[in-house]
Structure formats: C-alpha cells, structure tokens
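First comes the structure, then the notes that go with it.
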Amino acid sequence: MSVQMTKGVAAVPIVDTPSPAAKSRRSVFIRRPFFTAALLVAAAYVLAAIFAPFVAPFDPVKQDFNVMMKAPTVVHWMGTDSYGQDILSRVIFGARYALIIGIFSVMIGALGGLIIGLAAGLSGGWAEWGLMRLIDAILALPSLILAVAFIAILGQGVDKVVIAVGLSMIGPFARTVRSDVMQVRVQLFIEAAQLMSISYLRVILRHVLPNVIFPLAVQVTIRVSEAILVSSSLSFLGIGVTPPTPDWGLMIAEGRDFVSFAPWMSAMPGFALALLLIALSIVGDGVREEFDPKLRRES
C-alpha cells in the first residue's frame with residue numbers, strides 16, 4: 001500500500017492489488033476444485049506406482065490356493081482371485097503398468113505426430129497431400145482397432161502394447177501439429193526470418209517448433225487416459241499384456257467368469273481403472289482450459 005500526497009488534499013491511500021491475471025493464476029486450485037481433487041487422485045496413483053514394492057502387502061504374482069476367491073477381509077482388503085493372489089497388491093502394481101503403457105505410448109504417438117505434422121505443414125504440394133491422406137487413413141479407424149491390428153503384427157507383451165498403442169495415436173497428434181504449423185508459418189516473424197537469409201532448418205528449430213511444442217504437450221496430458229483405456233481393452237480381449245502380469249484389463253477379464261459369486265475380482269480393478277481414467281480426464285481438461293493458447297485467446 002502506498003500513500004499519494006496532493007496540495008490541499010488529504011492523503012489518499014492507494015492499495016497495490018495484484019493484477020487479475022496473477023490473481024487468477026494463483027487461485028487455479030481454488031477456482032477448479034474438481035481439477036484439484038483429480039490432480040490429488042492422479043498423484044496418489046503415481047506414488048503408488050513408484051513405490052509399489054513398498055506399498056503392496058503381498059507379492060502380486062504369488063499364488064496361494066488355500067485362500068482362493070476369498071472375500072475382502074482385514075488381511076486381504078480387496079479379496080483374492082481364483083489363484084489365491086492378493087487383489088490389492090495386483091491393483092497397486094497394475095497402476096505401474098497402466099501408467100508406464102499410457103505415458104510411453106503417448107510419447108511415441110506425440111513424437112510420430114510431431115514429425116509427420118511438421119512435414120505436412122511445411123512441405124506443401126504433393127508431399128503434403130500424401131501425408132494428409134496417411135493421417136486421414138489413421139484417423140478413419142478407432143484407436144482400439146488400429147492397436148489390435150498392430151498387436152497382430154508385433155505380438156503380445158508390455159513392450160508390444162506400448163508400441164501398438166503409440167502407433168495408433170499418431171494420427172490425432174499429427175493433425176494437431178499440422179494445424180498449428182499452418183498458423184505459425186504465415187506469421188510475420190517467420191517471413192522476417194526468411195528475409196534475413198536465416199537457414200530453413202534454423203527457422204524451424206527456433207521459430208516454428210517452439211510454437212507447436214506447447215499445444216502438443218497439452219494434448220499429451222489429455223491422451224494419456226485414452227492410451228490407458230486402449231491398453232486395458234487389449235488385455236481384456238486377451239491380446240495385450242500376458243499373464244501373470246498384474247494388468248487391470250487382465251484382472252477384469254479373469255473375474256468375469258466368477259462375477260456371480262466373487263464380484264470383487266472384477267469390481268476392484270474395474271473401480272481402480274475407472275477412477276484413474278476419470279481423474280486423468282479431468283486433469284487433462286483442466287490443463288487444456290487453463291493453458292491452451294487458443295482457449296485463452298477466446299476467453
């Protein structure tokens with residue numbers, strides 16, 4: 001607070017209030033309670049995945065036929081499955097596999113989409129037409145169908161699922177990058193850089209790429225939940241992660257035959273999967289609404 005003095009007029013205190021933008025940024029967690037709650041839930045999953053060996057009460061693949069399909073108790077909080085494996089331990093380790101597959105597959109899709117989107121947005125002519133038809137062909141099929149096709153070629157396993165899901169997500173990222181490149185390349189600073197005889201590669205690296213990376217990063221936060229859902233769907237269909245890997249899709253598929261008298265076998269991993277997907281979707285939407293330059297210009 002400062003005081004302004006004028007001749008013949010009493011001192012008027014002037015309160016230095018923060019700017020609306022600064023105030024808005026500081027109160028993002030207050031303005032978006034659902035975003036804050038979802039962020040805490042997602043952080044809890046990440047911590048559980050990182051410290052799974054210390055958090056899980058049992059070995060997730062250890063079988064004990066003396067406690068097969070036991071209902072939830074104080075010893076086995078989420079019950080056991082048909083092999084006597086502790087469901088809580090498998091759910092905790094399943095978070096690790098879900099996040100690994102989701103994050104790394106999205107990275108593959110983002111990298112492939114960045115390369116194809118840049119090439120399509122900067123090339124023009126027949127090269128752009130050919131790349132856009134490739135993107136349209138990828139987008140013509142759902143991500144799950146494409147992932148199934150890639151799994152049929154690559155085979156099963158965690159690493160194969162990461163590659164298959166990543167390749168199936170190249171299309172949406174490529175279209176996003178190409179749209180941003182088309183907007184950036186007509187800006188005056190790009191034309192000025194070309195008039196200064198700056199090399200084309202340097203213009204791309206220093207002027208075009210930084211302007212498309214941030215919107216791409218926002219898209220990454222949104223697509224992680226989709227990648228986890230696709231990978232779990234592959235495992236549920238029996239063509240993704242192989243047993244005895246503690247994967248949520250596998251656990252749901254294994255428990256569907258016993259749902260009439262042991263519903264916890266499918267319900268517990270199903271609830272864990274649904275909660276993570278909802279949390280990641282809310283976090284992704286919150287990040288997009290808060291930081292996406294296009295939405296911020298419109299608001």
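We count residues from 1, following the sequence as given.
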Between the CG atom in Leu111 and the CD1 atom in Ile116, the distance rounded to the nearest 0.5 Å is 10.0 Å
Interatomic distance, Ser232 atom OG to Leu277 atom CG [nearest 0.5 angstrom]: 7.0 Å
Is Ile153 linked to Val230 within one hydrophobic cluster, defined over Ile, Leu, Val, Met, Phe, Trp and Tyr using a side-chain heavy-atom separation of less than 4.5 Å? no
Decide whether Val41 and Ile50 are clustered together by the hydrophobic rule: side chain heavy atoms of Ile, Leu, Val, Met, Phe, Trp, Tyr closer than 4.5 Å, transitively. yes
Would you please classify the geometry between the Tyr45 ring and the Trp248 ring as parallel, tilted or perpendicular, with 30° and 60° separating the classes? perpendicular
Can you hop from Phe271 to Tyr97 via hydrophobic side chains spaced under 4.5 Å? yes
Inter-residue atom distance Met268.CE - Leu88.CG, 0.5 Å rounding: 9.5 Å
Separation between CD of Gln85 and CZ of Arg90, rounded to the nearest 0.5 Å: 4.0 Å
Phe58-Tyr83 co-clustered via ILVMFWY side chain contacts under 4.5 Å: no
Does the Arg96 side chain pair with the main chain of Ala49, one donor and one acceptor, at a distance under 3.5 Å? yes
CG on Asp180 to CD on Gln219, rounded to 0.5 Å: 8.5 Å
Just so I know, are the side chains of Val283 and Thr221 near enough to count as touching, which here means a heavy-atom distance under 4.5 Å? no
Please answer: with hydrophobic residues joined when any side-chain heavy atoms are less than 4.5 Å apart, are Leu144 and Phe236 in the same cluster? yes
Would you say the side-chain atoms of Ser266 pair up with the backbone N or O of Ile252, donor to acceptor, closer than 3.5 Å? yes
Measuring from Ile170:CD1 to Leu167:CG, what's the distance to the nearest 0.5 Å? 5.0 Å
Side chain proximity check, Glu226 to Ser168, heavy atoms < 4.5 angstrom: no
Main-chain N/O of Met68 paired with Gln63 side-chain donor or acceptor, under 3.5 Å: no
Side chain of Ser231, backbone of Ile228: donor and acceptor closer than 3.5 Å? yes
Are the side chain of Ser235 and the backbone of Leu250 linked by a donor-acceptor contact shorter than 3.5 Å? no
Would you say Glu289 and Phe35 make side-chain contact, with heavy atoms under 4.5 Å? no
Given 3.5 Å as the limit, does a donor-acceptor pair link the side chain of Ser105 with the main chain of Val165, or not? no
